[in-house]
Amino acid sequence: MSLLQIENLNVDFMTDDGLVRAVDKVKLNIESGQVIGVIGESGSGKSVMALAIAGLLSPAARMQADLFNLDGHDLTRMSPAERQNHITSNISIIFQEPTSSLNPALTIGYQLDETIRFHEGGTPKQRKERALELLSQVGIMDAKRRYKEYPHQLSGGLNQRVMIAIALACQPKLLIADEPTTALDVTVQSQILDLLLKVKEEHDMALMLITHDFSILAETTSKVHVMYCGQIVESGRTYNLLSQPYHPYTKALLDSVPHFGMRYKKGRRLFNLPGTTPPISHLPVGCYLGPRCPYAAKKCVQSPELFNIKGRRVRCHFPLIEEEDS
Ligand SMILES: Nc1ncnc2c1ncn2[C@@H]1O[C@H](COP(=O)(O)OP(=O)(O)OP(=O)(O)O)[C@@H](O)[C@H]1O
């Protein structure tokens with residue numbers, strides 16, 4: 001069953017350079033219980049898209065969508081207050097830096113209690129029991145002691161567990177994890193990923209994982225969206241997309257990271273996409289990847305639409321499909 005359906009989501013910001021578009025015609029469909037991934041270079045619009053979905057954009061942002069259906073309700077027809085209420089009842093989000101997401105002046109227990117009070121209510125005793133239960137569920141030993149402690153007394157990994165406990169207190173149907181492991185040590189990263197998958201199963205949630213890391217996507221997701229300059233440029237089933245990318249940008253990202261089993265020869269270099277991501281205030285005409293793309297041709301001065309091909313959606317005039325595939 002479809003949990004979230006979005007069509008033509010745009011997010012604009014008014015800046016000194018004028019109006020800029022950080023998220024451009026994004027189309028998404030998330031099924032209940034599904035794990036999807038979003039990948040792209042820094043500045044490609046992943047976080048702004050996540051904030052837009054979670055209803056957390058700054059007032060300076062302008063958001064517009066042709067379709068925004070969440071759990072069977074059309075958000076485009078709701079008042080801002082109704083919309084916010086529906087989103088906070090259904091979506092939670094955790095961020096890259098758990099320690100800065102928590103309030104350093106308040107205990108873990110107080111911050112958890114605030115969320116439980118808002119979403120579930122109950123007496124102080126019931127709420128405390130619920131908070132301790134949530135802390136145990138996310139693998140925090142000695143929950144009673146941690147309940148009284150402040151974020152600075154916990155490691156980054158433990159604080160991320162607390163953030164996950166707070167997210168679960170909202171009983172979301174969708175949890176968005178925006179680079180949840182980037183700021184953590186490698187060993188802690190895999191523990192947090194395992195935990196996210198465990199709580200996703202236990203709470204029957206969908207999970208949107210935003211990352212820079214293809215190996216995380218390969219391990220955890222069933223579907224991947226690749227973003228560049230605010231647009232989704234390729235979407236598809238994880239295995240198919242990673243094993244045979246159709247968009248030159250997806251291929252460039254994959255070719256720029258080492259793979260297990262790759263033969264290393266002296267002097268051999270990983271692929272390097274020339275140039276840098278253009279600022280959203282100065283995007284090139286036509287295909288945004290055009291000036292950096294090894295496959296660019298005359299036609300690429302026209303903006304490519306996202307089109308369906310062999311179970312994939314690709315925004316490219318010349319997708320990398322071999323003869324026998326087409
Ligand atoms: N409040 C804002 N005002 C103006 N521009 C903004 C604002 N917030 C984000 N942007 C711009 O929107 C674009 C997308 O940013 P976003 O943070 O979503 O990228 P990202 O893909 O999440 O990057 P990273 O992987 O580094 O987190 C960037 O060009 C950024 O500068």
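In this text the structure is predicted, and so the values were computed from the model without any measurement. Indexing begins at 1, ligand by ligand and atom by atom, following the structure's order.
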Ligand-side contact atoms (ligand 1) for residue partner [X], heavy atom cut-off under 4.0 Å:
{"X": "Glu179", "value": "24 (P), 25 (O), 27 (O)"}
{"X": "Glu41", "value": "21 (O)"}
{"X": "Ser44", "value": "19 (O), 20 (P), 21 (O)"}

Looking only at distance, does [X] have an N or O less than 3.5 Å from an N or O of ligand 1?
{"X": "Thr15", "answer": "no"}
{"X": "Val48", "answer": "yes"}
{"X": "Ser47", "answer": "yes"}
{"X": "Gly45", "answer": "yes"}

Nearest protein heavy-atom contact for [atom]: which residue, which atom, what distance?
{"atom": "atom 5 (N) of ligand 1", "result": "Phe13 CD1, 3.6 Å"}
{"atom": "atom 30 (C) of ligand 1", "result": "Ile280 CD1, 4.6 Å"}
{"atom": "atom 24 (P) of ligand 1", "result": "Ser42 OG, 3.6 Å"}
{"atom": "atom 12 (O) of ligand 1", "result": "Ala22 CB, 3.4 Å"}
{"atom": "atom 28 (C) of ligand 1", "result": "Gly43 O, 3.9 Å"}
{"atom": "atom 21 (O) of ligand 1", "result": "Lys46 NZ, 2.8 Å"}

- What distance do Leu168 atom CG and Thr115 atom OG1 have between them, rounded to the nearest 0.5 Å? 11.0 Å

- Query: What distance separates Cys170 SG from His203 NE2, expressed to the nearest 0.5 Å?
  - Reply: 11.5 Å

- Would you check whether Met49 reaches within less than 4.0 Å of ligand 1, judged by its heavy atoms? no

- Has Lys310 got its NZ or CZ under 6.0 Å from the middle of the six-membered ring of Tyr246, at an angle within 45 degrees of the ring axis? no

- Aromatic ring proximity Phe318/Tyr295, centre distance under 6.0 Å: no

Would you kindly say whether [X] and [Y] are connected by a side-chain donor-acceptor distance under 3.5 Å?
{"X": "Thr238", "Y": "Thr221", "answer": "yes"}
{"X": "Gln5", "Y": "Asn29", "answer": "no"}
{"X": "His317", "Y": "Gln302", "answer": "no"}

- On the 0 to 90° scale, with breaks at 30° and 60°, tag the His152-Tyr150 ring pair as parallel, tilted or perpendicular. parallel

- Is it true that Glu234 and Arg315 make a salt bridge, defined as a side-chain N closer than 4.0 Å to a carboxylate O? no

- When you look for heavy atoms under 4.0 Å from ligand 1, do you find them on the side chain of Gln96, its backbone, both, or neither? neither

- Does the pair Arg312 and Asn308 meet the rule for a side-chain contact (heavy atoms from CB on, under 4.5 Å), with working shown? CA-CA 6 Å; Arg312 205 82 64 88; Asn308 290 314; over 6 Å; no

- Message: Please tell me if atom 14 (C) of ligand 1 is touched by the protein, where touching means a protein heavy-atom distance below 4.0 Å.
- Response: yes

